[in-house]
Undergrad: 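Got a structure for you, questions after.
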Amino acid sequence: KLFFGAATPEEGSVPFCKSFMHVHLGVQSDLIPDDAPPQWTVVKDWSLGIDAPGNVVVVSVPSKLDPSLAPPGYHVVHSYTAGNE
């Protein structure tokens, strides 16, 4: 769906972002420290921007907040970074 009545994507006021790579996996819970936050971000170089390939990785472990999201003894991990264009 296009925004604000635009006839083409180029006319919309919401810019397209480049691709992102997502990884969803399950890991044994002992691989994630108990004191690790449920989400964190790693930035290699702040001057490059968040969409620079390989510059930013965001990691989320929702099962730290809701253990029912993963089997006993495991965590669900979702991680994403800008894709290589």
Side-chain angles (χ1 to χ4, degrees):
K1 182 175 180 177
L2 301 177
F3 293 93
F4 308 108
T8 67
E10 292 76 24
E11 293 177 6
S13 62
V14 178
F16 285 102
C17 67
K18 296 178 181 177
S19 66
F20 279 77
M21 179 178 60
H22 292 259
V23 176
H24 299 264
L25 61 137
V27 299
Q28 292 179 327
S29 59
D30 62 349
L31 296 176
I32 299 186
D34 290 336
D35 62 348
Q39 183 167 329
W40 64 90
T41 302
V42 178
V43 180
K44 186 176 179 182
D45 184 343
W46 284 102
S47 69
L48 295 178
I50 64 168
D51 59 351
N55 189 44
V56 175
V57 176
V58 179
V59 179
S60 178
V61 186
S63 54
K64 287 191 69 86
L65 298 174
D66 182 355
S68 72
L69 296 173
Y74 288 85
H75 276 301
V76 173
V77 178
H78 171 229
S79 179
Y80 62 96
T81 187
N84 294 321
E85 297 297 324

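The structure presented is a predicted model; accordingly, all values stated were derived computationally and were not measured.
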Undergrad: Taking side chain to side chain contact (heavy atoms under 4.5 Å, CB included) as the definition, give me every residue that meets it alongside Pro38, ordered by chain and number, with sequence neighbours left out.
TA: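 Counting only residues at least two positions away or on another chain, Pro38 forms a side chain to side chain contact (heavy atoms under 4.5 Å, CB included) with Lys64, Leu65.
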Undergrad: According to a hydrophobic-cluster definition based on side-chain heavy atoms being under 4.5 Å apart (Ile, Leu, Val, Met, Phe, Trp, Tyr only), do Ile32 and Val59 belong together?
TA: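 Yes, one cluster joins them.
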Undergrad: Of all residues at least two apart in sequence or in a different chain, which pass the side-chain hydrogen bond (donor to acceptor under 3.5 Å, both in side chains) check with Asp66?
TA: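 So Asp66 forms a side-chain hydrogen bond (donor to acceptor under 3.5 Å, both in side chains) with Ser68.
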Undergrad: Quick check on the hydrophobic clustering: are Val57 and Val77 connected, directly or via other members, by side-chain heavy-atom contacts under 4.5 Å?
TA: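 Yes, because Val57 and Val77 connect within a single hydrophobic cluster, where side-chain heavy atoms sit under 4.5 Å apart.
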Undergrad: Listed by chain and number, what are the side-chain hydrogen bond (donor to acceptor under 3.5 Å, both in side chains) partners of Ser60, not counting sequence neighbours?
TA: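 Ser60: no side-chain hydrogen bond (donor to acceptor under 3.5 Å, both in side chains) contacts found.
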Undergrad: Given the rule that I, L, V, M, F, W and Y join up when any side-chain heavy atoms are under 4.5 Å apart, are Val56 and Trp40 in one cluster?
TA: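 No.
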Undergrad: For residues 41-48, run the donor-acceptor check on the side chains, cut-off 3.5 Å, and write out each pair with its distance to 0.1 Å, sequence neighbours left out.
TA:
| from | atom 1 | to | atom 2 | distance (Å) |
| --- | --- | --- | --- | --- |
| Asp45 | OD1 | Ser47 | N | 2.9 |
| Asp45 | OD1 | Ser47 | OG | 2.7 |
| Asp45 | OD2 | Ser47 | OG | 3.4 |

Undergrad: Just jot down the side chain to side chain contact (heavy atoms under 4.5 Å, CB included) partners of Ser63, sequence neighbours excluded, or say none.
TA: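 Side chain to side chain contact (heavy atoms under 4.5 Å, CB included) check on Ser63 returns Val61, Leu69, Ala70, His75, Val76.
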Undergrad: Quick one: side chains of residues 20-31, donor-acceptor pairs under 3.5 Å with protein atoms, not counting sequence neighbours, listed by atom name and distance.
TA:
| from | atom 1 | to | atom 2 | distance (Å) |
| --- | --- | --- | --- | --- |
| His22 | ND1 | His78 | NE2 | 2.8 |
| Ser29 | OG | Gly73 | O | 3.2 |

